[in-house]
Amino acid sequence: MTTLGGTIRFAQVLVQTGVLCAVLAAGASTLAFEEGAGKKKAEQVCAGCHGPAGNKPVMPDTPRLAGQHYDYLVQALAAYRKGSRQNPIMSAMAQPLTEQEIRELALYYSTQQGLTIKY
């Protein structure tokens, strides 16, 4: 009986492991960034004001995005989208963005060479 009980328990663990792997794979594919998606969106939408790679704003009061911290960019775009941060242009631009698009844009801009301070 011990052998049968052990076999049943092994089968249960195997099924649970398979289910867990399937759930993790599905979640990973949902969260995965499309390679170059942030860059593409930045070139199509954001470059008009923030310049190529977020480094050459067209207006003096438009910020450089290149080299900004990832977390800051995510937080700022999410705040514009929710309306807790107000700017007529940025609120309108951020409103249609999905959470994944916000993360992709933040990743793209945070990895661009921006202003740095050397000590």
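Atom set for the values below is all heavy atoms of this structure, side chains included, hydrogens, waters and symmetry mates excluded. These numbers come from a predicted model, not from an experiment. When a residue number appears, it is its place in the shown sequence, counting from 1.
Heavy-atom minimum distance, P52 versus A47: N-CB, 4.5 Å. Between A66 and Q113, the closest heavy-atom pair is CB-O, 3.6 Å.
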Give every donor-acceptor pair under 3.5 Å between a side-chain atom in residues 83-95 and any protein atom, sequence neighbours left out.
residue: R85; atom: NE; partner: Y80; partner atom: OH; Å: 3.3
residue: R85; atom: NH2; partner: Y72; partner atom: OH; Å: 3.3
residue: Q86; atom: NE2; partner: G83; partner atom: O; Å: 2.5
residue: N87; atom: OD1; partner: I89; partner atom: N; Å: 3.0
residue: N87; atom: OD1; partner: M90; partner atom: N; Å: 3.0
residue: S91; atom: OG; partner: N87; partner atom: N; Å: 3.4
residue: S91; atom: OG; partner: N87; partner atom: O; Å: 2.8

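Checked by atom type and distance alone, the side chain of R64 pairs as donor or acceptor with a backbone atom of N55 at under 3.5 Å. Without hydrogens or angle criteria, S110 side chain to A106 main chain gives a donor-acceptor distance under 3.5 Å. For the pair H50 (side chain) and P63 (backbone), a donor-acceptor distance under 3.5 Å is present.
Placement of L97 and Y109 within a single hydrophobic cluster is found when ILVMFWY residues are connected by side-chain heavy-atom separations under 4.5 Å, directly or transitively. If you chain together hydrophobic residues whose side chains sit under 4.5 Å apart, V74 and L77 fall into the same group.
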When you look at L73 and L65, which way does the side chain to side chain contact (heavy atoms under 4.5 Å, CB included) test go after all the steps? CA-CA 8 Å; L73 292 169; L65 299 179; 4.1 Å; yes
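Considering only residues two or more places apart in sequence or on other chains, E99 meets the side chain to side chain contact (heavy atoms under 4.5 Å, CB included) condition with R81, R103.
In this structure, CG on L105 lies 11.0 Å from CD on Q100, to the nearest 0.5 angstrom.
A salt bridge is absent between E104 and K41; no separation between the charged side-chain nitrogens and carboxylate oxygens falls under 4.0 Å.
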